[in-house]
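Following: one structure in structure tokens, then a few remarks.
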Amino acid sequence: MGRGFGGFGGSWEGVWGVLGGFGGIWDGLREIWGGLGGIWGAAGGGGDGAVRQCCPPGGHRPPEGGVWGVLGGFGVVWGQGKGFGGDLGGVGGVTPGCPQDVPEAVPEAERRRQSLQDARRALPIFPFREELLAAVGQHQVLVIEGETGSGKTTQIPQYLHEEGYTRGGMKIGVTQPRRVAAMSVAARVAVEMGTKLGNEVGYSIRFEDCTSERTVLKYMTDGMLLREFLTEPDLASYSVIMVDEAHERTLHTDVLFGLIKDIARFRPQLKVLVASATMDTERFSAFFDHAPVFRIPGRRFPVDIYYTKAPEADYLEACVVSVLQIHVTQPPGDILVFLTGQEEIEACVELLQERCRRLGSRLPELLVLPIYANLPSELQARIFQPTPPGARKVVVATNIAETSVTIDGIVYVLDPGFCKQKSYSARTGMESLVVTPCSRASANQRAGRAGRVAPGKCFRLYTAWAFQHELEETAVPEIQRADLGALVLLLKSLGINDLIHFDFLDPPPHETLVLALEQLYALGALNHLGELTTLGRRMAELPVEPMLAKMILASEQYGCTEEVLTVAAMLSVNNAVFYRPKDKVLHADSARVAFGVPGGDHLVLLNVYNQWVASGHSLQWCYEHFVQARSLRRARDVREQLQGLMERVEIAPSSCGGNLDLVRKAITAGFFYHTARLARGGYRTVKHQQPVFIHPNSALFALQPRWVLYHELVCTSKEFMRQVLEIDSSWLLEVAPHYYQAKELEDGSGRKMPKKAGKSREELG
DNA sequence: GAGCACTGC
């Protein structure tokens, strides 16, 4: 037996025994297996929902629960992988279409309707129908705890509809954190109800409103409902609001809680349902004045969980080893590995491929496929191709596979227990993305991915002790990690003036609120009493961050709304414009340089967009120029939306032609808060004297102009300004005389600098 | 000279 397996007994002995028997074949792998040192130690006890904890050495295995035994086969109800299920998130075009045409022969339709009704009755929620309706009748707010697959999202709104909650055209609104989920669930419910999507059942997501006057069941993103408060502050047209996936605690969901709790007070007939997975439900209940919790069993196959005996120093290496181990020793079934980002995923994929190559034909075929959000869609789509017989698929994924994308056939999950999390420091106004241990909730969600089609196994690359003691129960909610400028503006325009005392489930840090208020005041969106100004009211109409909104509104006076809308749209697609595949780094970089125009990154983005438009939105053009088509299409959608809103804020379209200084001035009018100046070889922010650096990807990296404006500050290896624009310091006085004084825009020493001090682009070409 | 988790309006 190999090193370190001494402590094992029971079923594991057999598994490792096989390895021991490989003899010479594994010479090349000796080191690898050796490095393992029996990493799979005893698991901790304690159940966590449907996920079964397993203790290999004589541990207690809970018997098959009644639910599992009875339900058996899954998949029939939802036809997983056929576009429904809301799980293809952003991959491949799952567009139900609006309105959907369903012409079919009558007997066939009748047969299908029957089987649909059978499927509905087979869902775990069905036996609870009457009890649930009674509870909704009795209580204004109900917390519903239900696992994935219980049918709560599709069935509860239908039950309420059947019960008469939509009488008189009243709507039932159901929020989802993700667009694809809203679309696909609505499509599914429309089929079950035998109506066309967009009639009685519809959905509403950004860029796409698929509802009509007839719509009574409305699925939407949480952000969309938030925006609806602007036009209908009491949600008078809704009889029921269901906030689904509440446990995800998105920024929008959290704000909805406060707003809904508020309107529920003076709308006693409004029913509120808060639906969540098995976590936080007690907190939701407490927040809503101790609303009752209604529990519905889920439907998932059991997943055995294994922990390592000791912490793993190198989890990437441990992943690679474990994948190979599973591949060699375990029955058929695909493997899903959770890593933190693109770089790690690429490294892991390479290592796996290399070791498989080395082992050659002695190993059954192993298909290694990466997936992460920024991977081009055609490469993403590969993970959905069925695994050929005799082969095994390993999907190496980011968190995208935790909720947004569901892959059929996964039986084994490998979880190192880390994820990247964005955090925001109000003190420095800086964002950073750091690798952090994931939460227990997240670990359980990951494990659950192994039990969708059959009983599965989850290997956690950390100890059972670490799971219990080192991981947080849940992740820090987004509202405590995000810049709240846009949110504060929105709440202000809903008439909520006292944000410090707003009823948050978890309040954001005081500093973050203060900074947001401060910035809005500087932008002129709030007056000195903290009240919304006319400008602020117009800014709130635009679904972008406040500085972008200000920039757009300012573009009117500079006669360049067309250009500035493009800049705003491109900035909001966030760093995903340029594609830089590892094997073509040089080509990609030179393609990027070729887009260069004097002035800075904002103008480069404008140039990229305009060239793409000139190419006729050509996909081929995107490939040739190493630009992500997905990002440009998104920018186009954003731009069109903003363009449509220009009328609402009473701005006529204008173009500055080639006079890009006007565009730069308009940008400065929005971003004067984000400026830095070069002094003594380094940049410091103008207002806080904070040392910052131009990001090496910036077009201005080599130029180092004296005065710059930046779109955002990110802290990685250094404090970097991302998306940098060269400005003239006199513009700051022009666009923000209330904010800057002439004195602070002089050189620090008080000594007058000659004009054009510092390197300018003219000097450097 | 660095390195972009994931959503969403």
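Quantities reported herein were computed from a predicted structural model and do not represent experimental measurements. Excluded from the calculations below are hydrogen atoms, water molecules and symmetry mates; all remaining heavy atoms, backbone and side chain alike, are included.
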Tell me if the centroids of the rings in A:H625 and A:F595 come within less than 6.0 Å of each other.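 Distance test on ring centres: under 6.0 Å, yes.
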Ring centroids only, cut at 6.0 angstrom: are A:F671 and A:Y710 within range, meaning strictly under it?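 That pair fails the under 6.0 Å test.
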Within the 4.0 Å heavy-atom criterion, would you say [X] contacts the bases, only the backbone, or no part of the nucleic acid?
{"X": "A:T250", "value": "nothing"}
{"X": "A:I205", "value": "sugar-phosphate"}
{"X": "A:Q421", "value": "nothing"}

When you check the phosphate oxygens OP1 and OP2 of [N], does a side-chain N or O of [X] lie under 4.0 Å from one of them?
{"X": "A:R722", "N": "B:dC4", "result": "yes"}
{"X": "A:R634", "N": "B:dG8", "result": "no"}
{"X": "A:S404", "N": "B:dC6", "result": "no"}
{"X": "A:T221", "N": "B:dC9", "result": "yes"}

Hey, is A:R722 close enough to A:D601 for a salt bridge, meaning N to O under 4.0 Å?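 Looking at A:R722 and A:D601, the cut-off is not met.
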Does A:K218 pair with A:E228 as a salt bridge, N-O distance under 4.0 Å? yes
Nearest listed nucleotide, side chain of [X], among [options]:
{"X": "A:H252", "options": "B:dC9, B:dT7, B:dC4", "answer": "B:dC9"}
{"X": "A:L433", "options": "B:dG1, B:dG8, B:dC4", "answer": "B:dC4"}
{"X": "A:S717", "options": "B:dT7, B:dA2, B:dA5", "answer": "B:dA2"}

Take the protein atom NZ of A:K422 and the nucleotide atom P of B:dC4, then report the distance between them rounded to whole Å.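 Between P of B:dC4 and NZ of A:K422: 12 Å.
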Roughly how many Å is it from CZ in A:F720 to P in B:dG1, rounded to a whole number?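 Rounded to the whole Å, the gap is 10 Å.
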Starting from the 5' end of DNA chain B, give me the residue, A:P177 or A:V585, whose nearest nucleotide shows up first. A:V585
